[in-house]
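To start, the structure itself, in structure tokens.
Each chain gets a letter, A, B and so on, in the order the sequences are listed, and its residues count up from 1. The analysis underlying the following values was restricted to heavy atoms, covering all of them including side chains, and did not include hydrogens, waters or symmetry mates.
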Protein chains: 2
Amino acid sequence: MKPIRLLIADDHPLIAEGIKNTFTSNAFIEVVSVVTNGEEAIDFLKKEVVDIALLDIEMPKMNGLACAKEILANYQPVKVIMLSMYQEASLIKELIEIGVKGYMLKTIAKDELILAIQKVHGGQEYFSSDVTKALLLNKNSEKVIQFNEKSKLLELLTKREIEIIGFIAEGLTNIQIGEKLFISPRTVDSHRTNLMKKLDLHNVAGLIRFAFQNGLS
Amino acid sequence: MKPIRLLIADDHPLIAEGIKNTFTSNAFIEVVSVVTNGEEAIDFLKKEVVDIALLDIEMPKMNGLACAKEILANYQPVKVIMLSMYQEASLIKELIEIGVKGYMLKTIAKDELILAIQKVHGGQEYFSSDVTKALLLNKNSEKVIQFNEKSKLLELLTKREIEIIGFIAEGLTNIQIGEKLFISPRTVDSHRTNLMKKLDLHNVAGLIRFAFQNGLS
DNA sequence: ATCCAATTAAGGGATTTCCCCTAGTCAATT
DNA sequence: AATTGACTAGGGGAAATCCCTTAATTGGAT
């Protein structure tokens, strides 16, 4: 029986190495490459055969979600398992929709990870128990789902708007922002209004939350 | 020359194993134990001799900071190196004060980790370059310093005030908060005013930043 | 050349925040 | 018994936001 060819993508070398070492004593799993971002993962898939891609959610350049989409769209039959630091229930929904076969936290034991890889390779799905629990718990919480929607919304914003939402998050008033940018406070108000319309928010609080969640602050 | 006796504490087995495996081929460093929280680390120190404790900041039961304090107070000459997922510049100040000898991100390469352990064991300090850069950058920015001061300020706040700052951060108006808590919007306004006075802030933005930085949101 | 998005600006009014003040009740501390 | 701190509530007014509207200018794209 041929070993399962595994690609690991994680921007933390220590973690990536740790995962890799988890399989050194396992004859059924072969780690064919360890990369540190989504782009490198795609580059590798262009050249080599991989059965399963184990992707970290948070990665620079191309994150796990974008990478998973790319793989599932253009590199079938490669199967994708996501790894994350946190329970991101809202993400899981999206991941399942695009065809990800597994999602687990980095808190899992290595035995469980091996089990997950074998199940997914055998055509099954595997979501670690604490993740599925989180899914159930958060079914009715819009909080995290907003986070995702907003991330896409970020692309809707203009340079000026992003600049201004940053100042708003810093606590500056329209007048102060106007002075900083040498524009009328009424203009700042316009941008503020447009921002709220685009993001479907209705007060500073929402704007600031958005800024925080999108690293604009 | 005796190898450096290293204790690893990290709640993520995968990461902990990864770190441990980093040293298997290194004759100068011996991993004497891998534990998953601060309490277990202390328990181990009661029984065995350890040169350096490598602690994750985020851990259940007893976190890295509490654990470091305990070690540096009662288990000298054990030296402490902190590991973290993020640049927590504000924490670093406190860590240095209590006597931690090193701080590094989990993004570092294993070579740098080995170097750090050897330097600290030799009596030096080691803070990875990206961490010290973050420290310098933030030296004159009140942002992070506020974070420390505010953490202490947090204790100044009453239960009701913490409750209300949370709702403010969620974007609720005084009227909405009043409805939620069955109190007059004027009372909410009072709490808001008191909050701003206590925290020396002058608008929602500041309150929300405070809420975010202190996990009140 | 035309269109479109981005940026600029403002009128005007409703709503909310900001911030001073006083003041009552209640529970815990001294 | 007196004090203190927390929570409650409101008067009142200045300031800022919220949010609709219209509109001029500009620079890049078709």
Side-chain angles (χ1 to χ4, degrees), chain A residues 142 146 149-214 216-217, chain B residues 142 146 149-214 216-217:
Chain A
E142 343 71 90
Q146 274 182 5
E149 285 170 359
K150 279 179 185 169
S151 297
K152 287 169 204 155
L153 287 175
L154 183 56
E155 294 160 22
L156 267 180
L157 305 187
T158 69
K159 257 196 331 196
R160 200 55 150 181
E161 284 166 351
I162 289 172
E163 204 175 358
I164 282 170
I165 201 175
F167 286 128
I168 292 172
E170 279 178 25
L172 303 188
T173 65
N174 288 341
I175 295 171
Q176 291 172 318
I177 296 171
E179 282 166 1
K180 274 219 170 202
L181 300 177
F182 304 106
I183 57 177
S184 159
R186 300 308 303 267
T187 307
V188 181
D189 191 31
S190 291
H191 288 304
R192 197 182 204 120
T193 303
N194 290 335
L195 274 166
M196 288 194 286
K197 202 184 286 178
K198 280 187 182 177
L199 303 175
D200 191 29
L201 301 169
H202 307 92
N203 53 36
V204 236
L207 287 179
I208 296 171
R209 292 172 65 85
F210 181 85
F212 265 79
Q213 291 175 329
N214 288 282
L216 266 35
S217 175
Chain B
E142 337 74 87
Q146 271 183 8
E149 286 168 1
K150 277 179 186 168
S151 297
K152 287 166 205 158
L153 286 174
L154 185 56
E155 294 160 22
L156 268 179
L157 304 187
T158 68
K159 258 196 330 197
R160 200 55 150 180
E161 284 165 350
I162 289 172
E163 204 176 357
I164 282 170
I165 200 175
F167 285 129
I168 292 172
E170 278 179 25
L172 302 188
T173 65
N174 288 341
I175 295 170
Q176 291 172 317
I177 297 170
E179 281 166 0
K180 275 221 166 196
L181 299 176
F182 304 106
I183 57 178
S184 158
R186 301 307 305 267
T187 307
V188 180
D189 192 30
S190 291
H191 288 304
R192 198 182 203 120
T193 303
N194 290 334
L195 274 166
M196 288 195 285
K197 204 185 284 177
K198 279 187 182 178
L199 304 175
D200 192 28
L201 300 170
H202 307 92
N203 51 36
V204 237
L207 286 178
I208 295 171
R209 293 170 66 85
F210 181 84
F212 264 80
Q213 291 175 330
N214 288 283
L216 266 36
S217 176

Notebook entry, point to check: Between which nucleotides of DNA chain C, 5' to 3', does chain B make heavy-atom contacts below 4.0 Å?
Noted result: C:dT16 to C:dC19
Next item on the list: Provide the closest heavy-atom pair for B:Ala169 versus A:Ala205 in the form atom of the first, atom of the second, distance.
Entry: O-CB, 4.4 Å
Next item on the list: Quickly work out the A:Met196 CE to D:dT21 C1' distance and round it to whole Å.
Entry: 15 Å
Margin query: With side-chain contact (heavy atoms from CB on, under 4.5 Å) as the criterion, how do B:Gln176 and B:Lys180 come out once you've worked through the C-alpha distance, each side chain's angles and the decisive distance to 0.1 Å?
Written below: CA-CA 6 Å; B:Gln176 291 172 317; B:Lys180 275 221 166 196; 5.9 Å; no
Next item on the list: Note the angle between the end axes of the helix from C:dT2-D:dA29 to C:dT30-D:dA1, five pairs defining each, rounded to 10 degrees.
Entry: 50°
Item checked: Spacing between B:Asn194 atom CG and D:dA9 atom P, to the nearest angstrom -> 14 Å
Margin query: Counting only heavy atoms and a strict 4.0 angstrom limit, can you tell me which residues of residues 178-193 of chain B come near DNA chain D?
Written below: B:Ile183, B:Ser184, B:Arg186, B:Thr187, B:Ser190, B:His191
Next item on the list: Let me know the distance between CG of A:Leu195 and P of D:dC20, rounded to the nearest Å.
Entry: 14 Å
Item checked: Atom pair CD1 (B:Ile175) and CZ (B:Arg186), whose distance is rounded to the nearest 0.5 Å -> 11.0 Å
Checklist line | Heavy-atom donor-acceptor pair, A:Asn203 side chain to B:Gly171 backbone, under 3.5 Å | finding: yes
Below 3.5 Å, can you tabulate the donor-acceptor pairs from side chains in residues 159-167 of chain B to any protein atom, sequence neighbours excluded?
| from | atom 1 | to | atom 2 | distance (Å) |
| --- | --- | --- | --- | --- |
| B:Arg160 | NH1 | B:Glu163 | OE1 | 3.1 |
| B:Glu161 | OE1 | B:Thr158 | N | 2.9 |
| B:Glu161 | OE1 | B:Thr158 | OG1 | 3.4 |
| B:Glu161 | OE1 | B:Lys198 | NZ | 2.8 |
| B:Glu161 | OE2 | B:Lys198 | NZ | 3.3 |

Short heteroatom pairs, N/O only, protein and nucleotides 3-6 of chain D, under 3.5 Å:
none

Next item on the list: Report the distance from atom CG of A:Leu172 to atom C1' of D:dT17, rounded to the nearest whole Å.
Entry: 15 Å
Margin query: Which heavy atom of B:Asp189 sits nearest to which heavy atom of B:Asn174, and what is that distance?
Written below: OD1-ND2, 3.8 Å
Check: Can you find a pair of side-chain heavy atoms, one from B:Val204 and one from B:Arg192, that are under 4.5 Å apart?
Finding: yes
Checklist line | B:Leu201 and B:Arg209, any side-chain heavy atoms less than 4.5 Å apart | finding: no
Check: Does a side-chain heavy-atom distance below 4.5 Å link B:Leu199 with B:Leu157?
Finding: yes
Note to self: Applying side-chain contact (heavy atoms from CB on, under 4.5 Å) to B:Val188 and B:Leu181, what does each step give before you reach the verdict?
What the structure shows: CA-CA 9 Å; B:Val188 180; B:Leu181 299 176; 5.5 Å; no
Check: To the nearest 0.5 Å, what is the distance between CG (B:Leu207) and CD1 (B:Ile168)?
Finding: 5.0 Å
Next item on the list: Take the protein atom CG of A:Asn174 and the nucleotide atom P of D:dA14, then report the distance between them rounded to whole Å.
Entry: 20 Å
Check: Can you give one letter per nucleotide of nucleotides 25-30 of chain D, going 5' to 3': B for a protein heavy atom under 4.0 Å from the base, S for sugar-phosphate only, - for none?
Finding: ------
